[in-house]
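Chain letters run A, B, ... following the sequence lines, proteins first and then strands; every chain starts at 1.
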There are 2 protein chains.
Amino acid sequence: MTGKRPTLMDVAEAAGVSRALVSIVMRDAPGASEATRLKVQAAARELGYRPDSRARLLRSSRTRLLGLSFSTAQAFHAEIVDAAYAGATIRGYDIALSAVANGRPEARAVESLLDLGCEALIMISPSLPPEELAGYAARLPVISLLRDDVGDALDSVSSDDHAGIHLAVEHLVSLGHQRIAHVDGGQAVSSAQRRAAFQAEMTSRGLDARVVAGGPTEEDGLRAGRELQQDLPTAVVAFNDRCALGVWESFRAAGLRVPDDVSVLGYDDSQFARLSYVQLSSISQDAPLLARAAVDRAVDRLEGTTSAAHLVRTPHLVVRETTGRVPG
Amino acid sequence: MTGKRPTLMDVAEAAGVSRALVSIVMRDAPGASEATRLKVQAAARELGYRPDSRARLLRSSRTRLLGLSFSTAQAFHAEIVDAAYAGATIRGYDIALSAVANGRPEARAVESLLDLGCEALIMISPSLPPEELAGYAARLPVISLLRDDVGDALDSVSSDDHAGIHLAVEHLVSLGHQRIAHVDGGQAVSSAQRRAAFQAEMTSRGLDARVVAGGPTEEDGLRAGRELQQDLPTAVVAFNDRCALGVWESFRAAGLRVPDDVSVLGYDDSQFARLSYVQLSSISQDAPLLARAAVDRAVDRLEGTTSAAHLVRTPHLVVRETTGRVPG
DNA sequence: GCCAGTCTATAGAACGTTCTACAGGCGAAT
DNA sequence: ATTCGCCTGTAGAACGTTCTATAGACTGGC
């Protein structure tokens, strides 16, 4: 259909120079005069030459490639992918993507990135046990994004769950709430930390720390919301925004008004929390910013001499329309 | 930190055989006895050897790699990625992912896939003009997924919008509706087709084809819903599920009940349409199935002698709880 | 006129695979 | 015994780059 794609050799012949010189020009490396540079570039354009990244990667020790593993099941990972691309471009790196999907476990995703020759790995909310992660980290820098209990062999860039929960409770208390419940994330990553933080925070204020079992999805929130209604608190802190939405929906179905009858606070500040008809108050981890930080961390590990570290950013509160003064 | 990763040569030395033989064993190719096969495999495992995909890809003419471009802005693309992985694995191919993201245009995404040595390209709802797509298609098979007006140089796998809209209108009419409005998708891919199909379908039934301007997001639906309320129809066919959700929300805000006062029908049958508290009636394109079809099509193009074709699948109706009998 | 230094350009060896060609051993058929 | 073929194995050339070493052509300083 097409004939073969042109190689360095083809361009070299067309321009009447050596292969090596073409390579120099294509890489913008020093060692070619301005005149031949132009001549070679013209020939390359003429032939529609594009460097073969496989060959290039193979030969050069540096691949300038960062591996990013994400999950197709988590919509907000897309936001992170987005930000990571932007960050990598700025630092002069490229990103290789690998998804963990149905029937494609995390280990497989990571290994495909390794085979591609990535110099560092960024894993979004990795679910592998710390030992296995450490195994990878022995071979190349690995950055865990949004999960910090990964041992000392890895870097991590995450958000301070304690601070986030503190902000949440502080906000609600300042609105007069005392009976505040937490719907946790079940088995989800970070759920245990947030639950513990909630308990600590409430206890330290002398308040009752009511926790009901939830999960990361709307369904989980819906179920938990129904359970809450048997003894309705005045405010709810949900594990994440999707869960909060489910809780809210269960209230709505029961004729309860948010925030007049009960306040609902989410976590993550995901895209849809900002939708004009949702306007969910939430704790923002600023995922894109964390993604940038992870990329920076990866590059620093590659180019500097720093060792693994755990970077923790403080989240912030975004007040929208689902939290209000305590009723009555 | 790590030492170099082991190569074929290392394994060969460890097992006391030649490089080529190790290659044969690793590829499960014929030409090695069972005994040495075991010996080599043991040595490879011992050293933690993994083949370098860059070198492998470089040397072999076949890369067995399918490029898949998707958009981080479209949540349901994740479902497709998921299905594509599964399909590719079955056919013995691998998938290279490239995202079109903020500041990373489609052309860039495609070119990075090309440089990786993909043998065929699957593009989800490509937004490039047909001429440019044809340019790529001259070099390798390109499958357009969910968009069919891409010219004859490309394959396409899409869903029959006419049939889908027909199902939608048929369903509503069978429930007694006559005053049915369509909220279109604005500039979105497929919007024009669905709008035209709606107009044709309604006109052929002697009904008034009311169309209001919408878009692909909840916000767009919300806006359109408000406009609709100035002269409320008994049923609404929205461009997609997100749009339908916006329309619904605008009704809910106005105290209108769905489906008692007005029916709302979505399109796409996305993940969230199935959520227990949403239960949106919708037209399903069965995206995962289309993804499988696209993968199959790509592989067939590579292995068979078939030429480009446009494959159209018929969508089906999923009745949930947002459509009901005409009021009054 | 000769050496040192700079700039441009080239040849040829890598990188880690796969592929082609071929060699030796062995059994069966001539 | 020779020939044929199959099976197992190897050597060495590819693939398209980048890298190292070096050659030639100038400059300028003595």
Between P of D/dT17 and CZ of A/Arg54, the distance in whole Å: 9 Å
Partner residues of A/Ala29 under the side-chain contact (heavy atoms from CB on, under 4.5 Å) criterion, sequence neighbours left out: A/Ile24, A/Arg27
Qualifying salt bridge (charged side-chain N to carboxylate O under 4.0 Å, His left out) pairs, either residue in residues 92-105 of chain A, two or more places apart: none
Value in whole Å for how far the C1' atom of D/dT17 lies from CG of B/Asp115: 13 Å
Summary of salt bridge (charged side-chain N to carboxylate O under 4.0 Å, His left out) pairs that have at least one residue in residues 113-128 of chain B, sequence neighbours excluded: A/Arg5-B/Asp115, A/Arg50-B/Asp115, B/Arg62-B/Glu119
Can you pull every protein N or O that's under 3.5 Å from an N or O on nucleotides 12-14 of chain C?
from, atom 1, to, atom 2, distance (Å)
C/dG12, N7, A/Arg19, NH2, 3.3
C/dA13, N6, A/Arg19, NH2, 3.3
C/dA14, N3, A/Arg59, NH1, 2.2

Value in whole Å for how far the C1' atom of C/dG16 lies from CZ of B/Arg27: 13 Å
Interatomic distance where CG belongs to A/Leu8 and C1' belongs to D/dG16 [whole Å]: 7 Å
Qualifying residues under side-chain contact (heavy atoms from CB on, under 4.5 Å), relative to A/Asp149, sequence neighbours excluded: A/Arg147, A/Gln193
Under the salt bridge (charged side-chain N to carboxylate O under 4.0 Å, His left out) test, residues paired with A/Arg19 that sit two or more places apart: none
Sequence neighbours excluded - salt bridge (charged side-chain N to carboxylate O under 4.0 Å, His left out) pairs with any residue from residues 120-137 of chain B: none
Salt bridge present between A/Arg56 and A/Asp52 (N-O < 4.0 angstrom): no
Touch class at under 4.0 angstrom, heavy-atom based, for B/Ser23 against every strand present: base
Atom-to-atom span, CD1 of A/Ile24 to P of C/dA11 - whole angstrom: 13 Å
Terminal axis angle for the helix from C/dG1-D/dC30 to C/dT30-D/dA1, five pairs an end, nearest 10 degrees: 60°
Phosphate-side-chain proximity, B/Ser18 and D/dT10, N/O vs OP1/OP2 below 4.0 Å: yes
Which residues share a salt bridge (charged side-chain N to carboxylate O under 4.0 Å, His left out) with B/Arg59, sequence neighbours left out: none
Within residues 32-49 of chain A: residues closer than 4.0 Å to DNA chain D (heavy atoms): A/Tyr49
Interatomic distance where CE belongs to A/Met26 and C1' belongs to D/dG16 [whole Å]: 13 Å
Euclidean distance, atom CG of residue A/Asp52 to atom P of D/dT17 [Å, nearest integer]: 6 Å
Nearest-0.5 Å distance that lies between atom CG in A/Leu290 and atom CD in A/Gln285: 6.5 Å
Residues in side-chain contact (heavy atoms from CB on, under 4.5 Å) contact with A/Ser18, at least two apart in sequence or another chain: A/Ala20, A/Leu21
Identify all side-chain donor-acceptor contacts of residues 38-48 of chain A below 3.5 Å with residues at least two apart in sequence or on another chain.
none

Nearest-nucleotide comparison on DNA chain D, the residue closer to the 5′ end among B/Val17 and B/Ser60: B/Val17
Whole-Å distance separating the CD atom of B/Glu13 from the P atom of C/dG16: 13 Å
